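Keep in mind the model is a prediction, meaning the values are calculated, not measured.
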Amino acid sequence: MANHKATKKDTRQSLKRRDRNRYYGKTTRNAIREMLKITEKDAAQEQLPKVISMIDKLAKRNVIHKNKASNLKSQLAKKVATLA
């Protein structure tokens with residue numbers, strides 16, 4: 001266990017950050033999953049900016065890599081474009 005006051009604080013902070021990152025990561029993955037299930041173009045176009053925003057926030061906070069964020073956004077945009 002950590003002996004220094006600053007190290008103990010760092011441990012507490014990292015646990016909080018880990019929980020927060022896991023929550024936002026899981027929430028975003030669920031949003032992407034729901035987005036891919038949508039079959040109507042209007043509903044998908046309405047949902048797309050919200051999901052893209054969630055992905056961008058994860059990339060900004062280094063929860064996911066920026067290239068992975070780009071790939072996810074591209075995949076979603078392509079899916080929405082193919083809907084009739």
Side-chain angles (χ1 to χ4, degrees):
M1 185 58 201
N3 292 320
H4 292 83
K5 193 173 181 181
T7 311
K8 289 180 182 179
K9 179 179 177 181
D10 186 46
T11 304
R12 288 194 309 269
Q13 287 177 329
S14 67
L15 290 174
K16 282 185 196 174
R17 281 193 297 262
R18 177 177 178 264
D19 289 342
R20 191 179 312 126
N21 288 340
R22 287 180 71 192
Y23 170 77
Y24 286 122
K26 185 66 174 177
T27 304
T28 303
R29 281 195 304 276
N30 288 338
I32 291 169
R33 210 171 285 127
E34 292 300 316
M35 174 90 192
L36 292 173
K37 286 183 187 175
I38 295 175
T39 55
E40 295 131 18
K41 188 164 187 145
D42 293 335
Q45 283 179 332
E46 184 180 316
Q47 196 67 23
L48 184 64
K50 295 174 188 170
V51 175
I52 286 178
S53 174
M54 293 171 83
I55 292 170
D56 284 336
K57 285 177 187 171
L58 287 182
K60 181 179 80 173
R61 295 180 182 133
N62 292 319
V63 177
I64 60 173
H65 195 273
K66 63 178 184 168
N67 291 349
K68 180 180 174 78
S70 285
N71 289 335
L72 286 171
K73 293 190 297 187
S74 172
Q75 175 192 10
L76 290 174
K78 197 186 303 185
K79 167 77 174 167
V80 170
T82 59
L83 293 175

Close side-chain approach of Leu83 to Gln45, heavy-atom, < 4.5 Å: no
Sequence neighbours excluded, every pair satisfying side-chain hydrogen bond (donor to acceptor under 3.5 Å, both in side chains) that has a member inside residues 13-22: none
Name all residues meeting the side-chain contact (heavy atoms from CB on, under 4.5 Å) criterion together with Lys57; count only those two or more places apart in sequence or in a different chain, and write none if there are none. Ser53, Arg61
All side-chain contact (heavy atoms from CB on, under 4.5 Å) counterparts of Leu58, not counting sequence neighbours: Tyr24, Thr28, Val63, Ile64
Are Met54 and Met35 connected in a single hydrophobic cluster, I mean Ile/Leu/Val/Met/Phe/Trp/Tyr linked by side-chain heavy atoms less than 4.5 Å apart? no
Is Ile38 reachable from Val51 through a run of hydrophobic residues whose side-chain heavy atoms are each under 4.5 Å from the next? no
Throw together a table of side-chain donor-acceptor distances under 3.5 angstrom for residues 67-76, partners on residues two or more places apart or in other chains.
from, atom 1, to, atom 2, distance (Å)
Ser70, OG, Lys66, O, 3.4
Asn71, ND2, Asn67, O, 3.3
Lys73, NZ, Asp56, OD1, 2.7

Closest non-hydrogen atom pair between Lys79 and Leu36, with its separation: CE-O, 3.3 Å
Would you list the pairs meeting salt bridge (charged side-chain N to carboxylate O under 4.0 Å, His left out) in which at least one residue belongs to residues 36-52, sequence neighbours left out? Glu34-Lys37
